[in-house]
Amino acid sequence: PYHEWFIEYAAPPADPAAFSLALDQAMQTQNIYYKDLRQGNILRELVIRPMQPNAFRNYMKSIGKLGEQNKVPRLTNDRKMADALAIYRLDQ
């Protein structure tokens with residue numbers, strides 16, 4: 001198991017691996033539960049999925065929820081949204 005982040009960059013990091021490591025370390029600093037899971041090898045290092053420009057806007061439009069009253073979910077407990085976003089990924 002791992003955290004999977006879908007990120008639409010304004011400007012991609014020069015070193016994606018270093019960015020991923022820094023994000024993982026920042027999460028461990030801010031969340032002791034996450035740190036325990038990482039240090040206990042319960043969770044492996046997070047995975048970042050770079051997205052095409054406007055990926056989240058296009059996704060929300062595709063499900064009929066484009067507009068100010070609708071927000072992109074930040075967390076999900078299933079693969080439904082991740083699978084739908086797959087067509088907008090840059091790392092395929």
Side-chain angles (χ1 to χ4, degrees):
Y2 56 93
H3 282 221
E4 185 174 24
W5 289 51
F6 293 77
I7 300 177
E8 185 179 322
Y9 296 106
D15 186 345
F19 176 78
S20 178
L21 180 61
L23 180 57
D24 189 67
Q25 289 174 343
M27 288 177 53
Q28 289 185 51
T29 299
Q30 293 181 24
N31 185 323
I32 191 71
Y33 182 63
Y34 180 80
K35 182 178 182 176
D36 287 345
L37 293 174
R38 287 285 290 121
Q39 289 182 349
N41 292 319
I42 305 299
L43 290 179
R44 69 179 180 97
E45 187 175 329
L46 64 88
V47 173
I48 294 178
R49 305 288 185 204
M51 305 300 289
Q52 299 172 5
N54 298 310
F56 295 103
R57 181 187 184 287
N58 293 337
Y59 165 72
M60 294 300 284
K61 184 176 181 180
S62 77
I63 61 170
K65 295 199 178 233
L66 183 62
E68 294 178 14
Q69 296 300 316
N70 297 292
K71 295 184 172 101
V72 176
R74 295 182 186 265
L75 297 171
T76 62
N77 288 327
D78 58 41
R79 298 287 312 164
K80 188 176 180 181
M81 185 176 165
D83 292 343
L85 283 168
I87 63 170
Y88 304 109
R89 286 181 24 197
L90 291 173
D91 64 343
Q92 293 189 48

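Computed from a predicted structure; not experimentally measured. We're numbering straight along the sequence, starting at 1.
Taken to the nearest 0.5 Å, the OH atom of Tyr88 stands 8.0 Å off from the CD atom of Gln52. To the nearest 0.5 Å, atoms CZ (Arg44) and CG (Asp24) are separated by 11.0 Å. Summarising the geometry, atom OG belonging to Ser62 is positioned 6.5 Å from atom CD1 belonging to Ile87; distances are rounded to the nearest 0.5 Å. Here the CG atom belonging to Asn41 is positioned 9.5 Å from the CD atom belonging to Gln39, to the nearest 0.5 angstrom. Rounded to the nearest 0.5 Å, atoms OG1 (Thr76) and CZ (Phe6) are 8.0 Å apart.
Closest approach of Val72 and Met81 over heavy atoms only: CG1-CE, 3.4 Å. Shortest non-hydrogen contact noted between Leu85 and Ala55 is CD2-O, 4.4 Å. Between Lys35 and Gln28, the closest heavy-atom pair is CB-O, 3.6 Å.
Residues meeting the salt bridge (charged side-chain N to carboxylate O under 4.0 Å, His left out) test with Glu4, sequence neighbours left out: Arg49, Arg79. Every residue was checked against the salt bridge (charged side-chain N to carboxylate O under 4.0 Å, His left out) condition with Arg57, not counting sequence neighbours, and none meets it.
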Check the pair Tyr2, Glu45 against side-chain contact (heavy atoms from CB on, under 4.5 Å), reporting the backbone distance first and the verdict last. CA-CA 6 Å; Tyr2 56 93; Glu45 187 175 329; over 6 Å; no

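Between Asp78 and Lys80 there is no salt bridge, since none of the side-chain N atoms of the basic residue sits less than 4.0 Å from a carboxylate O of the acidic one.
Cluster note: Ile48 groups with Trp5, Ile7, Tyr9, Phe19, Leu23, Met27, Tyr33, Tyr34, Leu37, Ile42, Leu43, Leu46 through ILVMFWY side-chain heavy atoms spaced under 4.5 Å, whether in direct contact or through intervening members.
Listed for the Ser20 side chain is no donor-acceptor partner under 3.5 Å among the backbone atoms of Pro16.
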